[in-house]
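See structure below.
If you're wondering where the values come from, they're calculated on a predicted model, not measured in any experiment.
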Amino acid sequence: MITRRSILLISAAFLTTPPAVALVVDPVKRFDLDADGTLDLQEVKKAATDFFARLDRDHDGKLDKRELAGRLNARELAAADPDHDGTLTLEEYLAVVEKRFNAANRDGDGTLDAKELQTPAGLALLRLLR
């Protein structure tokens, strides 16, 4: 049973920790393995590989529409699926990641900073990493 004290403690926790700070993790800090303040393609592909493994709940080495859960729409999935089997292998998934990385890398320097990750292309990439 929830007591009045429990409700007050929970309320106090929400009042002292801003929800945006508690739920948002800086993607650069999270995935930046060399701590240079940017993400290069190797770091992004490492994050994507790790995330692919977590998404692959049935451990068949492929992600289906259900496992992708809104990260790609039907048209994007079809375009990324060269063998048209309705799934993405790790290689196919990483090809999409690389394409989105390149789209987000507007200055062409081979790295993404926080500003580039906040663009529509950067946000599309982040959906494939977390």
Side-chain angles (χ1 to χ4, degrees):
M1 178 168 210
I2 297 178
T3 65
R4 183 177 179 176
R5 183 170 187 252
S6 297
I7 292 171
L8 290 174
L9 289 174
I10 292 169
S11 298
F14 280 109
L15 292 174
T16 59
T17 305
V21 173
L23 299 176
V24 176
V25 176
D26 179 1
V28 174
K29 288 180 182 177
R30 181 175 177 189
F31 303 124
D32 184 14
L33 301 175
D34 60 7
D36 67 351
T38 63
L39 300 179
D40 60 36
L41 184 57
Q42 180 181 354
E43 291 168 326
V44 168
K45 282 188 171 184
K46 165 82 170 90
T49 299
D50 294 344
F51 193 56
F52 181 96
R54 287 196 311 273
L55 289 176
D56 185 16
R57 292 181 203 101
D58 58 5
H59 307 290
D60 66 351
K62 297 179 180 185
L63 297 179
D64 58 30
K65 184 174 129 179
R66 182 182 49 79
E67 290 168 319
L68 286 165
R71 287 174 174 75
L72 295 174
N73 64 36
R75 188 181 49 137
E76 292 168 328
L77 176 57
D81 182 17
D83 57 4
H84 306 291
D85 67 350
T87 65
L88 295 183
T89 64
L90 177 59
E91 183 178 288
E92 293 166 342
Y93 189 75
L94 291 179
V96 176
V97 167
E98 185 168 351
K99 184 177 178 181
R100 288 189 176 184
F101 177 93
N102 290 332
N105 185 25
R106 292 184 177 209
D107 60 8
D109 69 352
T111 63
L112 300 177
D113 58 26
K115 186 176 179 180
E116 289 170 310
L117 289 171
Q118 292 305 312
T119 65
L123 295 171
L125 172 64
L126 288 175
R127 282 195 301 274
L128 299 177
L129 304 180
R130 56 181 180 185

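When all heavy atoms are compared, the tightest approach of A48 to V97 is CB-CG2, 3.7 Å. Between V96 and A80, the shortest heavy-atom distance links the atoms CG2-CB, 3.2 Å. When all heavy atoms of L126 and P27 are compared, the closest pair comes out as CD2-CB, 3.7 Å.
Side-chain contact check for L63 versus D56: some heavy-atom pair is nearer than 4.5 Å. Between L68 and Y93, the closest side-chain pair of non-hydrogen atoms falls below 4.5 Å. Side-chain atoms of E92 and K62, non-hydrogen and from C-beta on, never get closer than 4.5 Å to each other. Looking only at side-chain heavy atoms (C-beta outward), D60 and T87 stay at 4.5 Å or farther from each other. Under the 4.5 Å side-chain criterion, counting only non-hydrogen atoms from C-beta, L123 is not in contact with L125. Between L129 and R30 the shortest side-chain heavy-atom distance does not fall below 4.5 Å. V28 places none of its side-chain heavy atoms less than 4.5 Å from the side chain of T38. Within the 4.5 Å cutoff, side-chain heavy atoms of L72 are placed close to those of L88.
By the side chain to side chain contact (heavy atoms under 4.5 Å, CB included) test, D40 pairs with D34, Q42, E43, T111, sequence neighbours left out.
One distance of note links CG of D113 with CG of D32; it measures 11.5 Å at 0.5 Å rounding. The CG atom of L112 sits 12.0 Å away from the CZ atom of F31 when rounded to the nearest 0.5 Å. Annotation: the span from E67 atom CD to F52 atom CZ amounts to 8.0 Å, rounded to 0.5 Å. The structure places CG of D81 at 11.0 Å from CG of D64, a figure rounded to the nearest 0.5 Å. For the atom pair CG of L128 and CZ of F101, the computed distance is 13.5 Å after rounding to the nearest 0.5 Å. Here L39 contributes atom CG and E116 contributes atom CD; the two are 9.5 Å apart, rounded to the nearest 0.5 Å.
Not one N or O on the side chain of Q118 forms a donor-acceptor pair closer than 3.5 Å with the backbone of K115. Between the side chain of R71 and the backbone N or O of R130, at least one donor-acceptor pair lies under 3.5 Å.
Atom CZ of R127 is surrounded by more than 12 heavy atoms from other residues, nucleotides or ligands within 6.0 Å. Atom CZ of R75 has 12 or fewer heavy atoms from other residues, nucleotides or ligands within 6.0 Å.
Counting only residues at least two apart or on different chains, the salt bridge (charged side-chain N to carboxylate O under 4.0 Å, His left out) pairs with a member in residues 95-105 are K45-E98, E76-R100.
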